[in-house]
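This report refers to the structure that appears directly beneath it.
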Amino acid sequence: MGGRVTRVFRTFNVENRARREISKEKPTPAPRHRIARMDATADQPEIKEEILRKDDRLLTLLKDVYVESRDPPVQVKDGGGEHLPCKQEEKRLTKLGHLGALDVKKVSKGKISIVEALTLLNNHKLHPQIWTAEKIAAEYSLELKDVNSLLEFFIPFTVQEFPKETKKAIKST
């Protein structure tokens, strides 16, 4: 409803208002500065002569100027433009598990892939006497303190199934 009311006031006497606006005299622009006009030089021939005249004193000074430029010596880089890493990292092949196609193939020494981390955590959980922290550190080229922290703070999930006759079983209806 509000739109209809505003539309009525907006369109009221629109033709007369338009005619009145069109019939108004246009405002005259502000006068420009006389130097800003481009045709000022056309009226005065002495200015044209000054522009076209050559100054002999400036020409002799310009002839005395001698510019000599030399390119810096080009340094040849070995390797044909390849960007080599600043620090050469030792890589090792990963111990591929059952997700070999999804896992990375090479890992820096001192690091392990996700599949390797899950594998070593599971091996330690199943056989802690065989897969000790020292053996894992030697097998995967890790530091012993990192392996101890890994075994202490990361535990793989365990799946527990409850027998149906216990009270903890979910009753289906």
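- Contact between Ile22 and Lys26 at its shortest, heavy atoms only, is O-NZ, 4.0 Å.
- Taken from CG in Asp55 to CG in Leu61, the straight-line distance is 9.0 Å, to the nearest 0.5 Å.
- To the nearest 0.5 angstrom, Glu134 atom CD is 7.0 Å from Asn148 atom CG.
- With Glu116 contributing its side chain and Ser113 its backbone, the two residues share a donor-acceptor pair below 3.5 Å.
- Taken from CG in Leu58 to CG in Leu62, the straight-line distance is 8.5 Å, to the nearest 0.5 Å.
- You'll find the side chain of Val115 reaches within 4.5 Å of the side chain of Thr119, heavy atoms only.
- Atom CG of Leu52 and atom CD1 of Ile47 lie 12.0 Å apart (nearest 0.5 Å).
- Other residues, nucleotides and ligands place no more than 12 heavy atoms under 6.0 Å from the CD atom of Glu15.
- Screening Ile130, Asn123, Leu120 against Lys135 for a side chain to side chain contact (heavy atoms under 4.5 Å, CB included) leaves a single residue, Ile130.
- Atom CG of Leu150 sits about 11.0 Å away from atom OH of Tyr140, to the nearest 0.5 Å.
- By the 4.5 Å heavy-atom criterion applied to side chains, Ile112 and Leu142 are counted as neighbours.
- Atom CZ of Arg17 sits in a crowded spot, with more than 12 heavy atoms from other residues, nucleotides or ligands closer than 6.0 Å.
- A salt bridge links Arg70 with Glu68: at least one charged nitrogen is closer than 4.0 Å to a carboxylate oxygen.
- Placement of Ile155 and Leu121 in two distinct hydrophobic clusters is found when ILVMFWY residues are connected by side-chain heavy-atom separations under 4.5 Å, directly or transitively.
- The minimum heavy-atom distance between Val147 and Ala133, with the atom names listed, is CG1-O, 3.6 Å.
- The closest donor-acceptor contact from the side chain of Thr132 to the backbone of Gln129 lies at 3.5 Å or more, if one exists at all.
- We find the NE2-CD1 distance between His124 and Ile136 to be 6.0 Å, quoted to the nearest 0.5 Å.
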